[in-house]
Amino acid sequence: MRSVRKSTRPWTSGSSGIVPVWQGSSAHARENLGPLQRDRLARVLMRMSKLFLRTLREDPADAEVASHRLLVRAGYIRRTAPGIYSWLPLGLKVLAKVEAIVREEMDATGAQEVHFPALLPREPYEATGRWTEYGPNLFRLQDRKEADYLLAPTHEEMFTLLVKDLYSSYKELPLTLYQIQTKYRDESRPRAGLIRGREFIMKDAYSFDIDEAGLAASYDAQRAAYERIFTRLGLDYVIVSAMSGAMGGSRSEEFLFPCEIGEDTFVRSPGGYAANVEAVHTPSPEPVEAAVVAGLPAAYVADTPDTPTIESLVDVANATQAKPDGVLWTSADTLKNVVVTLVSPAGARDLLVIGLPGDRQVDAKRLEAAVFPAEVEQATAKDLATHPELVAGYIGPSVLGPNGAPRGSDGTDSAQGAVRYLLDPRVVDGTAWITGANESGKHVFGLVAGRDFTADGVIDVAEVRVGDPAPDGSGPLELARGIEIGHIFALGQKFAKALDLKVLDQNGKAVTVTMGSYGIGVTRALAAIAEKTCDDKGLSWPVQVAPAHVHVLAAGKDEAVLTTAEGLAAQLAAAGVEVLYDDRVKVSAGVKFADAELLGLPFALVVGRGLADGVVEVRTRASGDREELAPDAAVARLRELLAAASA
RNA sequence: CGGGGUGUGGCGCAGCUUGGUAGCGCAUUGCGUUUGGGACGCAAGGGUCGCAGGUUCAAAUCCUGUCACCCCGACCA
């Protein structure tokens, strides 16, 4: 959000992004410093006694996942409304550092930063159809004149229009623009704290090229930048093929952080193929040889009373029909025909029947992705009534797709024709099936695909299972879950066409610009880092995004302890190390230790009882390592550890 | 949208079955004692018990309605 950026920017130079919290008993020390030193110190020393922070001893009742629980407990964020969070000083520092890394890498690709409003008028989104296409997930509102506005869920339209406003020649391309902006989506069920919110911060970038080759280059540049960004953030990622879905376009990949609590399921093969489960391409088996097909027995209809389900059908088949090879029938021998209703964006309802092996379910997500922009609904009794040839529980191919006689040819029926019929890729020509005979209580046995029936095409929407063959032929697929932290799209011309973004080419001819769009969930990535690095004691930030580098603890009330801690904190700050100094006097050592572990700065410097023996302690949060050393050696040692951790 | 659950000081919860005018822990304030692993004593502040209606002499508690939130699923760049 703008206010976030504004509040940090004056103090942001390079990647530090530190807000001043220089107050308290040592303020007088400032007076002896020059302006440059003063500024530098102000950026790197925070006092716990003055910090706006309250840590919670108990987990908040509404938080389930670790990142959510700990970010709230450690006083980094507060819930404001469902899926909407406020940022407190420490959280804001982490956010600023994550943003700074994203910004640096975007700038390094030559992308230029701009900033749009989050509150936008309806018209541009009307032009691209997204005012309606986005559905209830779009936050809509009206001004006092009852004009429609929206809180932007993403900004393709605005970037496209801005470029249209100002550019008109191929000479000015390629161009990539980006922003770091608050986005709004009215999720029906926000969850997991920052991971799925209704307000979140996203970096969105858009490339503008004259042709496909240019787009490919821009896409690759962004893809490479994403790899650098997530590496710098310390996040593992898997790049998976994705469906472009609502965004349209050709090529699309997601960056997933593999994680149990992730909401995206993806597959991996031993050979390196990776895809979102929605985008998995199921390889078709080889067609059965003609000679083999020729030898197959003719199909025949048999009575199978009371077999509305695949399970009951298999039981009856085994009881009444011998399988040619003598083995028992299984659900995989059946061809299940599932009826769904597709609703087009214009509202037209059409039935679709999907034929797939009886041991497979239709995966709703894959189906949605495959038929986009149509919506999938369960077929209602009214829908089914438009096609009386469909007998629930006994639907078979002979009345479907190209096999079904077009209805209405005699003028008595206005229906268009046979119900569209699409087959799972596993149902290749020459395979034989038990399937519905379109008559209650009857199934047909040995119906051969290609010989006895055909379909309108193939649809790859069956559930994907662990162990399914990978499309790259390298072996069985494995399934895993992940958090989507980035998504890149080769959009093509969808938005440029809708909004008429054209430039003149070398020949003075107007050509439509080709676009890409590239998003990173900034707040979601922050949560993913927390999720990955935390433990049962609290957060544990990597140096590059930690709110500060070293947590200095004064663990004792002796004058010597306080003076030494104070002095070391100041020395560290002067050496450019960002310090959080726990100078609270009435707080016991145990509380300070627990808070330090909860807050999760990468290193702690403990000044306490060891001081009597001439030592202080340096702790590494992530590993739990502790070492004792002379106070004089502490600053150098910490700088060494920081350098090693930043490398 | 379907299923489950919860609304009681800032946070976490008990009390509700069996109605009698609100309690515990943490946090906060003051004083004192403590100080290397979430201390102790004494004192103090803070709550229209989600909201509305009803039953009753009396409602956090019973009844009706309603709203909100959380979790699982569905859905979702």
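Residue numbers begin at 1 in each chain, while the letters A, B, ... track the order of the sequences. Everything quoted here is computed from the prediction, not taken from an experiment.
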Measuring only the [atom1] atom in each nucleotide, how far is [N] from [M]? A whole number of Å is fine.
{"N": "B:U34", "M": "B:G15", "atom1": "P", "value": "40 Å"}
{"N": "B:G54", "M": "B:U61", "atom1": "C1'", "value": "15 Å"}
{"N": "B:G53", "M": "B:C42", "atom1": "P", "value": "43 Å"}
{"N": "B:G25", "M": "B:G41", "atom1": "P", "value": "10 Å"}
{"N": "B:C62", "M": "B:U55", "atom1": "C1'", "value": "8 Å"}
{"N": "B:G20", "M": "B:G32", "atom1": "P", "value": "43 Å"}
{"N": "B:G3", "M": "B:U21", "atom1": "P", "value": "39 Å"}
{"N": "B:G19", "M": "B:U66", "atom1": "P", "value": "27 Å"}

Can you check whether [Y]'s main-chain N or O pairs, donor with acceptor, with [X]'s side chain at less than 3.5 Å?
{"X": "A:Arg621", "Y": "A:Ala604", "result": "no"}
{"X": "A:Arg140", "Y": "A:Trp131", "result": "yes"}
{"X": "A:Arg73", "Y": "A:Pro60", "result": "no"}
{"X": "A:Lys203", "Y": "A:Val102", "result": "no"}
{"X": "A:Gln181", "Y": "A:Asp204", "result": "no"}
{"X": "A:His155", "Y": "A:Tyr178", "result": "no"}
{"X": "A:Thr523", "Y": "A:Ile201", "result": "yes"}
{"X": "A:Lys336", "Y": "A:Arg360", "result": "yes"}

Can you give me the N/O atom pairs linking the protein to nucleotides 23-25 of chain B at distances under 3.5 Å, or say none if there are none?
residue: B:G25; atom: N2; partner: A:Glu58; partner atom: OE1; Å: 3.2

Open item on the list: I need the CG-P distance between A:Asp186 and B:C1, as an integer number of Å.
Closed with: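 Distance, rounded to whole Å: 12 Å.
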Open item on the list: Can you work out whether A:Arg54 or A:Pro153 has the more 5'-proximal nearest nucleotide on RNA chain B?
Closed with: A:Arg54
TODO: Take nucleotides 67-75 of chain B nucleotide by nucleotide from the 5' end and write B, S or -, depending on whether a protein heavy atom sits under 4.0 Å from the base, only from the sugar-phosphate, or from neither.
DONE: --SSBBBBB
Task: Contact letters for nucleotides 29-46 of chain B, in which S counts primed atoms plus P, OP1 and OP2 and B counts the base, heavy atoms under 4.0 Å - done: ------BBBBS-------
Open item on the list: For residues 592-604 of chain A, which residue pairs pass the side-chain hydrogen bond (donor to acceptor under 3.5 Å, both in side chains) check, not counting sequence neighbours?
Closed with: A:Thr55-A:Asp595, A:Arg584-A:Asp595
Quick one: look up who [N] pairs with, Watson-Crick or G-U, both distances under 3.5 Å, and put none if it's unpaired.
{"N": "B:U55", "answer": "none"}
{"N": "B:C1", "answer": "B:G73"}
{"N": "B:A43", "answer": "B:U29"}
{"N": "B:A68", "answer": "B:U6"}

Open item on the list: According to salt bridge (charged side-chain N to carboxylate O under 4.0 Å, His left out), does anything in residues 599-617 of chain A pair up with another residue at least two apart or in another chain? List the pairs.
Closed with: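 As it turns out, the salt bridge (charged side-chain N to carboxylate O under 4.0 Å, His left out) pairs with a partner in residues 599-617 of chain A, which skip direct neighbours, are A:Glu617-A:Arg619, A:Glu617-A:Arg626.
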Open item on the list: Regarding A:Tyr184 and A:Asp186, do their side chains bring together a donor and an acceptor under 3.5 Å, going by distance alone?
Closed with: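 Per modelled atom types, A:Tyr184 and A:Asp186 side chains form no pair under 3.5 Å.
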Task: Sub-4.0 Å heavy-atom contacts from residues 523-533 of chain A onto RNA chain B, ordered by number - done: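 Here the set is empty: none.
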TODO: Give the ring-plane orientation class for A:Phe255 versus A:Tyr237, where under 30° counts as parallel, over 60° as perpendicular and anything between as tilted.
DONE: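 Rings of A:Phe255 and A:Tyr237: tilted, 30 to 60°.
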TODO: I would like to know whether A:Lys494 and A:Glu156 meet salt bridge (charged side-chain N to carboxylate O under 4.0 Å, His left out); could you show each step before the answer?
DONE: CA-CA 10 Å; A:Lys494 169 173 173 171; A:Glu156 277 77 5; over 6 Å; no
Open item on the list: Quick check on the 6.0 Å ring-centre criterion: do A:Tyr518 and A:Tyr226 meet it?
Closed with: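 Here the rings of A:Tyr226 and A:Tyr518 have centres that are no less than 6.0 Å from each other.
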